[in-house]
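Computed over heavy atoms, backbone and side chain alike; hydrogens, waters and symmetry mates excluded. Letters go in sequence order (proteins before strands), and every chain restarts at 1.
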Amino acid sequence: MRDRYEPGEFEAGWRAKWAGAGLFKTREEEGREKFYAADFFPYPSGAGLSVGHCRNYVPTDVLCRMKVMQGFNVLHPMGFDAFGLPAEVEAIKRKTHPAPMIDQYAANYRRQMDLIGVSYDWSRSFKSSDPEFYRWTQWVFSLLYKKGLAYRKDASVNWCPFDKTVLADEEVVGGLCWRCNNPVEKKNVPQWFFKITAYADRLVDDLDGLDWPEGIKAQQRNWIGRSEGVEFEMVIAAQNAGSTAAEHGGPVAQQPDDHRSATGQPLDDELAALKAEVAAEGGAGDWDKQYKIDDITKKLDKAQEGLAKGTAKFERAVMNIKPDDSESFQILEREKRASFRVFTTRIDTIFGMTFCVLAPEHALVAKIFDVVDAQRSVELRDYIDRAKRMSEADRTAATREKTGVFTGVYAINPANGKRVPVWIADYVMMGYGTGAIMAVPAHDERDHEFATKYGLDVVPVIAPSGGPVATDSNPTATGKPQGSLPDLPFSTKDGVMINSGEYDGLTVQEGQQKLTEWITALGIGEKKRNCKLRDWLISRQRYWGCPIPVIHQADGTMDVVRDQDLPVELPDVDRYEPGEDGSSPLAHIPDFVNVTDHDGRLGRRETDTMGGFACSSWYFLRFCDPHNDEKAWDPERVKYWMPVDCYVGGAEHAVMHLLYARFWTKFLFDEGLVTVQEPFARLKNQGQVLGRTPYRRPKENENLQVGEEGVLVSYEEAKTLPEKDVTWRWVRMSKSKGNVVTPDEAVEQFGADALRLWELFVAPFDADVEWTNDGMNGTARFLSRLFKLAHDLAGVYDRDWHAKIAQAPTDGVGRELRRSTHKFVAKATKDIDGFAFNTYVAAAMEHLNTVNDLLKKATMTDAEKLALSEMIELTVLCLSPAAPHTTDEIWEGLGHKGFTYDQKWPTADPDLAKDDTVTIAVQVNGKLRDTIEMPADATGEQLEAAARQSEKAKPHYEAMTVRKVVVVAGKLVNIVAN
RNA sequence: GGGCGAGUGGCGGAAUUGGUAGACGCGCUGGAUUUAGGUUCCAGUCCCGCGAGGGGUGGGGGUUCGAGUCCCCCCUUGCCCACCA
């Protein structure tokens, strides 16, 4: 047996033997538990793998290898996310076709993955661009289409003029394209969407049951952005066409409204009972009951058609418009109830509404043109046109000052009957809620900024908790008004209502409930949940993607391609560049476009393709049954393997891939095609690997991009520059930064197992790493020590140790060896399961150090020889997942045939691992003064007695009175004295 | 601005979850072996102090017999989201 780690001599040989034996072929044997682990579906970039990718693949591999040894049926597949923009862009740049290019890149990825010994079952591998795969992507599309969850509509979409493609919302980062960082524009074209919003509630609610990093769950919740509030109707009041700006928001005489009377309508018993329950519970927080109440209320309202609308109460509260003879008013009258709806999460602040804002795209804006004078109409048009032209980036720039324009019309605040001016401003987004808001400048920063700029009223209606504050409507309250309110605006929910009529004094929570009840009873509003999440824009006007399987008929209708006619194959063409106008290249291929459907009708194929995230939304299902050409999968196979027990990849996919895959899985669950509602039971994000990257100072007259602090240079150039002009920064490894360390070079220099161990050991799994090769010296050294130890013990190794060791004496060095061995077995098992790979490797090193120390004391008794046999065998097996080449080499050197991968994972004996003496800390007043060795099972009395004997501790309390002695079994004795 | 996280030797990081801070490794220092070393082995390595001892986990307070760990305030920093009503 070799006595040192010489990776060049044996590692490649073992990889060949593993492949030859089909070692990593998935087993589906009866009577074993299953374990499905997957790494994120990688796009095979031309740059190849870096040591950063390995930080994803090696830990998963270690876990899978242990699970195999523990007797699980393990599914550990790998495939390639071949379709999509990155591949197409690269192919265009290299003036080649994406298909052969991707094949070449994927082959290189596979070569590199094999090089570091990852145990993928390549017999299950596929690329998303294989027709045998995307046939079923199209099939899922057709299922979604049939359920109304895939639809086509004209949409203002994110358009990247540089990449000439439409982007999903998730692909727009700060108004810039996620791929090329160019500003994204708005463009109005027909597009395909998946109705992910229909699943928004479940996508939020089901996060709770997932073993995922909390940060990722929070990001998904935040992205979906569910919020609960009230949506209600605001009715337009007119004003004189020639009225002055001074009238904006000017107070009008308040009508003595009786809000509560509106709730006095007859209620059915159930409703009354529910309300009583809510009241009994303190009245706050129980949304489920609230929803029930709302439901019943709505039904009641419908049953008694017009109850609310027909009542005088309603007329008084809502149609409280000052009679006025202006032409505009008459038009509005004719329109009958010109109105708009607003959404608020703070209905409790409704009395503080001093104006309303419509998004420039709001439908009501067109009507307003008709009722305002010519000059104002020009102003409005001008503002709206400018808003439309503006890019998303400009419009949403956080630093931008708010702009807006008064429409000339007013709406009625239903709470107090006051007229409030209606403005148009682009800080209100058409895509969220109703595209219109009630503005409460006292308690909303954005509204406050706007109100300040345009001189609109600010009326505080909440006083933070800490005592009632005197107000107009409650002048006798005990608190002093002056200085009691913090600077406006503030948005606390921990406060009481003021300036709110009969609601004064209620807490925010009480107010929300009462006002919601009131506005619901009034019939102009109801509780509502809103989401920031929008439907998933899936179509791309690009070549390199999965074709959307739809045929447009001559009569303007659409048909989805029949299952038996799938796949709609991507035509093999020479030219596939996108058109300048944003049209799909497929649209220019007559053979593709013109189609005769199964009924013999002439039609036109849909020429859009799907964005790459469609493929990655179900590939993990295909791995369960990858070669099925009858169906996308056999439900039995998917039922067996799903869910993915452990899913590993980078945190950058927190919202896109992971949200889409969850959506498809839920949809397929609803269709009865899969048995799980969630695809990934456990998710782990590895930390990023950063490479040392040189930047030089900008030269004179050289402009830096915003956010850049220097000019990126190559290592070669950095060497030629004076030291003071170069700053080294840690930047994520990428080809473009020139800071990539490849596994190829690391394996060449240090060996695959040294690389694997270093990937595990370098830092906690989820921590970012500033990569240096130096550490691999340490892991290679460790492997050499392991070889040396095995080499030296080969002569005493008795492979029948197991049968004999029970009879051997259990004391001295032999006992110590066994203790260290079993401690390591326990630690390795626990740490691998817990993704604590760094401490797993550290424990192996510590164990080896202990063994080497013990060996110096050993006299090679029979008992010691057996303990050493056990030690070397179990140590090798427990290191097999991390350093498989090395352990197989040693295994063979010890006289075994086959692979450690096929061996049974050792089980630790807790009795053997247990210490029989422990070091007890002797503290005086919490300060360490001495340590004493005691039997592990010593009683508290014995510990205290021994501690009191300590000569080192005595001087520190002799002169004092001992007040108490704290004894912690197995840990310490603390003598408290003063 | 919001959400989540993190601050421990020269460096990466350990710490049984409130119980001996610095495991393990890198680097460094000294020694041995070697023709040589990007080799191997041995010893040392938180700071101050000759010493007994003292100080020490970003800073300040608190709870406790005892705090890296829990609570409050502050500072620094990473990532994600960002006019979402």
Side-chain angles (χ1 to χ4, degrees), chain A residues 3-4 173-174 213-219 221-223 225-227 229 342-346 349 357 395-400 402 425-429 431-440 443-447 449-450 491 530-534 651-652 654-655 687-688 749-750 757-758 761-764 766-782 784-785 788 827 830 836 838-849 852 919-931 955 963-978:
Chain A
D3 66 350
R4 51 188 295 196
V173 181
E214 282 306 317
I216 300 289
K217 291 204 227 177
Q219 278 186 55
R221 280 190 202 102
N222 190 26
W223 185 263
R226 179 164 76 187
S227 58
V342 298
F343 174 72
T344 180
T345 54
R346 293 297 302 271
T349 63
V357 185
R395 185 165 158 181
T396 56
T399 51
R400 189 168 159 254
K402 291 190 178 19
D426 63 8
Y427 82 92
V428 172
M429 306 287 145
Y432 183 75
T434 60
I437 62 160
M438 67 171 211
V440 183
H443 304 293
D444 182 285
E445 262 183 60
R446 297 150 303 178
D447 297 343
E449 187 193 329
F450 194 80
S491 56
N530 262 327
C531 278
K532 289 193 237 174
L533 182 71
R534 296 178 214 176
E652 67 276 10
V655 283
Q688 292 186 29
Q749 213 183 135
F750 299 96
L757 283 177
W758 181 236
F761 183 63
V762 60
D766 53 4
D768 289 352
V769 170
E770 296 173 354
W771 185 269
T772 57
N773 284 339
D774 295 342
M776 282 184 285
N777 283 323
T779 52
R781 214 171 285 161
F782 165 72
S784 273
R785 283 205 298 275
K788 175 80 163 44
K827 177 85 174 151
K830 181 163 165 273
N838 57 330
T839 51
Y840 156 54
V841 176
M845 292 171 166
E846 205 174 349
H847 169 54
L848 213 61
N849 292 345
N852 279 325
T919 310
I920 299 294
V922 181
Q923 297 180 339
V924 178
N925 289 332
K927 277 188 189 271
L928 181 70
R929 297 302 176 186
D930 195 7
T931 57
R963 297 292 171 197
K964 116 170 141 175
V965 178
V966 180
V967 180
V968 182
K971 300 282 182 197
L972 58 75
V973 177
N974 186 14
I975 297 165
V976 183
N978 60 12

Contact class for [X] vs. all strands (heavy atom < 4.0 Å): base, sugar-phosphate, or nothing?
X: A:G433; result: nothing
X: A:N849; result: sugar-phosphate
X: A:P764; result: sugar-phosphate
X: A:V762; result: sugar-phosphate
X: A:R226; result: nothing
X: A:R781; result: sugar-phosphate
X: A:T919; result: base
X: A:T931; result: base
X: A:N530; result: nothing
X: A:E770; result: nothing
X: A:K402; result: base

Round to the nearest Å and state the distance from [X] atom [atom1] to [N] atom [atom2].
X: A:F761; N: B:rA23; atom1: CZ; atom2: C1'; answer: 10 Å
X: A:D768; N: B:rU77; atom1: CG; atom2: P; answer: 17 Å
X: A:K971; N: B:rU69; atom1: NZ; atom2: P; answer: 18 Å
X: A:K827; N: B:rA23; atom1: NZ; atom2: P; answer: 14 Å
X: A:I975; N: B:rC65; atom1: CD1; atom2: P; answer: 16 Å
X: A:K830; N: B:rU16; atom1: NZ; atom2: C1'; answer: 7 Å
X: A:R4; N: B:rU39; atom1: CZ; atom2: C1'; answer: 7 Å

Listed partners of A:N852 passing side-chain hydrogen bond (donor to acceptor under 3.5 Å, both in side chains), at least two apart: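 None.
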Please list all pairs meeting side chain to side chain donor-acceptor pair (under 3.5 Å) that have one or both residues in residues 839-849 of chain A, counting only residues at least two apart or in different chains.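 Those involving residues 839-849 of chain A are A:S820-A:H847, A:D831-A:T839, A:H847-A:T875.
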Is there a donor N/O on one and an acceptor N/O on the other, under 3.5 Å, for the side chain of A:Q749 and the base of B:rG38?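 Donor-acceptor pair under 3.5 Å: yes.
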So, is B:rG61 syn or anti if syn means the angle is within 90° of 0?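 This nucleotide is in anti.
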Is B:rU63 in the syn range, within 90° of 0, or in the anti range? anti
Per side-chain contact (heavy atoms from CB on, under 4.5 Å), A:V357 is matched among A:V342, A:V428, A:D426 by A:V428
Presence of [X] side-chain N/O under 4.0 Å of [N] phosphate oxygens OP1/OP2:
X: A:N222; N: B:rC80; value: no
X: A:K217; N: B:rC80; value: no
X: A:R221; N: B:rG2; value: no

Applying a 3.5 angstrom cut-off to the pairing atoms, does RNA chain B sit in any stems of at least three consecutive Watson-Crick or G-U pairs? List them by first number. B:1-7 with B:75-81, B:10-12 with B:24-26, B:27-32 with B:40-45, B:46-48 with B:53-55, B:58-62 with B:70-74
Out of B:rU20, B:rC24, B:rA85, whichever nucleotide has its closest atom nearest the side chain of A:L928: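 Of the options given, the side chain of A:L928 lies nearest B:rU20.
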Of all the nucleotides listed (B:rC65, B:rG25, B:rG13), which has the minimum atom distance to the side chain of A:N974?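 In terms of side-chain proximity for A:N974, the closest of B:rC65, B:rG25, B:rG13 is B:rC65.
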Between A:N838 and A:V762 (side chain of the first, backbone of the second, donor and acceptor by atom type, cut-off under 3.5 Å), is there such a pair? no
